[in-house]
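Right, one structure below, let's go through it.
If you're wondering where the values come from, they're calculated on a predicted model, not measured in any experiment.
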Amino acid sequence: MNTFDEQFPHPAGLRYLNHAAVAPWPKRASDAVMAFAKENHTIGARDYPKWLDVELRLRERLARLLNAPSRADIALVKNTSEALSFVAFGLDWRSGDQIVISDEEFPSNRVVWEALAPQGVEVIQVSLKGQDPEADLLAACGPRTRLMAISAVQYASGLRLDLERLGLACEQLGVLLCIDAIQQLGALPLDVQAARCAFAMADGHKWMLGPEGLGVFYCRSDLRSQLKLHEYGWHMLEDAGNYDRNDWQPARSARRFECGSPNMLGCMALEASLSLLEEVGMDQVAKLVLERIEWLRSGLDVIDGVELLSPHAQSRRSGILTFRVEQLDSNELFAQLKAEQVVCAQRGGGVRLSPHFYTPASVIEETLAIVHRLANG
């Protein structure tokens, strides 16, 4: 029995390996939501100031998770796509500007940039299949490149990029670095200051073990006022609590991107989930995640007919491992794994497994045994 069974009391036979999609909540997040629901049912918002204390703790936990200079750099957003849109439609583009992305991005980190085509902005897609993907990304940056938008970890292959190398080079080139951090934040350490990034964003429902509908947007302090606002409301004002004031200005902090009432229900859950990650410690979380990836990798590698599609080099590994079985197409493989209660996803031409730090040994071993059986007919 692992020490996290109390927080993740999954039923026998469930093999949950899908944290790169939607993660289960820990018990403490479920408890927080049930307590919040009971409070709303019985006394309503009588103790609203206490709710705001939880929201404040959430911002502080997110700032620590990202190593942001201040919680003022943190905005609570609906999702990664919303935060990406704040950047895409907030910057003052000029016709002929270029944006560099990879050719492996999740649609959220591609479509939003392609939507700038009517403004004359060109999107350059770079292959990450070469020996040095960072060099290839940087080589695509020319005098007209304004921004590089890249996922810290690619959602299908699990390829992890060297963010510090990209950040330093982008800074020297005068290119803004925007990091889609959804497949790294909560699984592996991510430091926005070390990466010298302009923006970073992530949803809470994957590796942060929170609910859908709440994410984080980091915006470097010197760039906040440069992003044109398109959403306005009471909550994004500097003097947000003064409802009788007629003159107003946007908040100086990243709260300027939060136009209306916060997702307080989501805040309760995500704050509780992040408290668990903090207690374990992100270095330990990362160690346990990568140990489980190595366990899966080693086990799959010795099964005849199995091909690993994720990077082999340790520096490129993440919480994602994608593989295929030669004699089964990915649809059939996925269907058979699903029938065995292996919760996974079809991605990148194969099946994607994504364990978290708490994933029990039994889940790993049982999944390997199932794949071995399927691969051998």
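- Using modelled atom types, no side-chain atom of Arg15 and backbone atom of Val343 make a donor-acceptor pair closer than 3.5 Å.
- One distance of note links CD of Glu164 with CD of Gln193; it measures 11.5 Å at 0.5 Å rounding.
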Next on the checklist: Does Val112 form a side-chain contact (heavy atoms from CB on, under 4.5 Å) with Phe89? I'd like the steps, not just the answer.
Outcome noted: CA-CA 9 Å; Val112 70; Phe89 292 93; 4.2 Å; yes

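- The two residues Ala375 and Asp304 come nearest to each other via the heavy atoms CB-O, 3.7 Å.
- Using a 4.0 Å cut-off between charged side-chain N and carboxylate O, Glu258 and Arg59 make a salt bridge.
- Residues Leu229 and Tyr218 are members of separate hydrophobic clusters, defined by side-chain heavy-atom contacts under 4.5 angstrom among Ile, Leu, Val, Met, Phe, Trp and Tyr.
- In the hydrophobic clustering of ILVMFWY residues, with side-chain heavy atoms under 4.5 Å counting as a link, Leu337 and Val363 come out together.
- Between Ala272 and Ala29 the shortest heavy-atom distance is CB-CA, 3.7 Å.
- Side chain of Ser330 to main chain of Gly350: no donor-acceptor pair is present (N/O by atom type, distance under 3.5 Å, no hydrogens or angles).
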Which atom pairs, donor and acceptor, lie under 3.5 Å between side-chain atoms of residues 99-106 and protein residues at least two apart or in another chain?
residue : atom : partner : partner atom : Å
Ser102  : OG   : Glu104  : N            : 3.1
Ser102  : OG   : Glu105  : OE2          : 2.8
Glu104  : OE1  : Ser157  : OG           : 3.3
Glu104  : OE2  : Lys129  : NZ           : 3.0
Glu105  : OE1  : Asn109  : ND2          : 2.9
Glu105  : OE1  : Ser151  : N            : 3.3
Glu105  : OE1  : Ser151  : OG           : 2.5
Glu105  : OE2  : Ser151  : N            : 3.4
Glu105  : OE2  : Gln154  : NE2          : 2.7

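- Heavy-atom neighbours of Arg373 CZ from other residues, nucleotides or ligands within 6.0 Å: above the threshold of 12.
- A distance of 10.0 Å separates CG in Leu17 from CG in Leu321, rounded to the nearest 0.5 Å.
- Closest non-hydrogen pair, Val87 versus Met201, comes out as CG2-CE, 4.1 Å.
- Remark: the backbone N or O of Asp247 is paired with a side-chain donor or acceptor of Arg245 at under 3.5 angstrom.
- Separation of atoms CG (Leu223) and OG (Ser221) is listed at 8.0 Å; rounding is to 0.5 Å.
- Both Val123 and Leu147 sit in one connected hydrophobic cluster of ILVMFWY residues. Membership requires side-chain heavy atoms under 4.5 Å apart, directly or through other members.
- Residues Arg255 and Glu238 are not paired through a salt bridge, judged by the lack of any N-O separation under 4.0 Å between the basic side chain and the carboxylate.
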Enumerate, atom names and distances included, each donor-acceptor pair closer than 3.5 Å involving a side-chain atom of residues 60-70, sequence neighbours excluded.
residue : atom : partner : partner atom : Å
Glu60   : OE2  : Arg71   : NH1          : 3.0
Arg61   : NE   : Glu271  : OE2          : 2.8
Arg61   : NH1  : Glu278  : OE1          : 2.4
Arg61   : NH2  : Glu271  : OE2          : 3.0
Arg64   : NE   : Glu278  : OE2          : 2.7
Arg64   : NH2  : Glu278  : OE1          : 3.0
Arg64   : NH2  : Glu278  : OE2          : 3.4
Asn67   : ND2  : Asp191  : OD1          : 2.9
Asn67   : ND2  : Asp191  : OD2          : 2.9
Ser70   : OG   : Ala72   : N            : 2.9

Checklist entry - Can you list the steps and then say if Ser310 with Arg317 is a side-chain contact (heavy atoms from CB on, under 4.5 Å)? => result CA-CA 8 Å; Ser310 294; Arg317 295 183 189 179; over 6 Å; no

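- Classification of the His19-Tyr358 ring pair by plane angle, with boundaries at 30° and 60°, yields perpendicular.
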Item to check | Check against side-chain contact (heavy atoms from CB on, under 4.5 Å), Val121 and Ser95 | outcome: CA-CA 6 Å; Val121 177; Ser95 181; over 6 Å; no

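- Formation of a donor-acceptor pair under 3.5 Å by the Arg347 side chain with backbone atoms of Ala156 is not found in this model.
- Neither side chain, Gln336 nor Glu340, offers a donor N or O lying under 3.5 Å from an acceptor on the other.
- Scanning both residues, Ala152 and Ala181, for their nearest heavy atoms gives CB-CA, 4.4 Å.
- Between Thr359 and Tyr16 there is no side-chain heavy-atom pair separated by less than 4.5 Å.
- Rounded to the nearest 0.5 angstrom, Cys344 SG and Leu353 CG are separated by 6.0 Å.
- The shortest heavy-atom contact between Phe8 and Leu209 is CZ-CD1, 3.9 Å.
- Between the side chain of Lys78 and the backbone N or O of Leu214 there is no donor-acceptor pair closer than 3.5 Å.
- Side-chain atoms of Leu159 and Leu128, non-hydrogen and from C-beta on, do get closer than 4.5 Å to each other.
- In this structure, Arg196 and Cys170 have side chains that are not in contact, with every pair of non-hydrogen atoms separated by 4.5 Å or more.
- For the 3.5 Å distance criterion, the side chains of Thr80 and Asp203 qualify, holding a donor opposite an acceptor.
- Atom CG of residue Leu161 and atom CG of residue Leu137 lie 6.5 Å apart, to the nearest 0.5 angstrom.
- For CD of Gln314, the number of neighbouring non-hydrogen atoms (other residues, nucleotides, ligands) closer than 6.0 Å is 12 at most.
- Under a hydrophobic clustering in which Ile, Leu, Val, Met, Phe, Trp and Tyr are joined whenever their side-chain heavy atoms come within less than 4.5 Å, directly or via other members, Val280 and Trp207 fall into different clusters.
- Remark: the backbone N or O of Arg160 is paired with a side-chain donor or acceptor of Arg316 at under 3.5 angstrom.
- Residue Val153 is not grouped with residue Leu309 when hydrophobic side chains (ILVMFWY) are merged at heavy-atom distances under 4.5 angstrom, including chains of intermediate members.
- Of the possible polar contacts, one joining the Ser85 side chain to the Ser81 backbone as a donor-acceptor pair under 3.5 Å is found.
- Side-chain atoms of Val306 and Asp301, non-hydrogen and from C-beta on, never get closer than 4.5 Å to each other.
- In this structure a side-chain-to-backbone donor-acceptor pair under 3.5 Å is missing from Lys206 to Val22.
- The six-membered or imidazole ring of Phe217 lies near that of Phe257, with a centre-to-centre distance under 6.0 Å.
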Could you pull out all donor-acceptor pairs under 3.5 Å where a side-chain atom in residues 30-40 meets a protein atom, sequence neighbours excluded?
residue : atom : partner : partner atom : Å
Asp31   : OD2  : Lys27   : NZ           : 2.8
Glu39   : OE2  : Trp51   : NE1          : 3.0
Asn40   : ND2  : Phe36   : O            : 2.8

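- Pairing each heavy atom of Met148 with each of Leu166, the nearest pair is SD-CD2, 4.1 Å.
- Inspection of the Gln226 and Asp92 side chains reveals no N or O donor paired with an N or O acceptor under 3.5 Å.
- Separation of the Phe357 and Phe4 ring centroids falls under the 6.0 Å cut-off.
- Between the side chain of Arg292 and the main chain of Leu288, a donor-acceptor pair closer than 3.5 Å is present.
- The main-chain N or O of Glu307 is never found under 3.5 Å from a side-chain atom of Arg324 such that the two would form a donor-acceptor pair.
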Next on the checklist: I'd like to know whether Arg220 forms a side-chain contact (heavy atoms from CB on, under 4.5 Å) with Asp73, so could you lay out the CA-CA distance, the side-chain angles of the two residues, the decisive distance to 0.1 Å, and finally the verdict.
Outcome noted: CA-CA 6 Å; Arg220 206 172 67 204; Asp73 302 315; over 6 Å; no

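- To the nearest 0.5 Å, the span separating CG on Leu91 from SG on Cys178 amounts to 9.0 Å.
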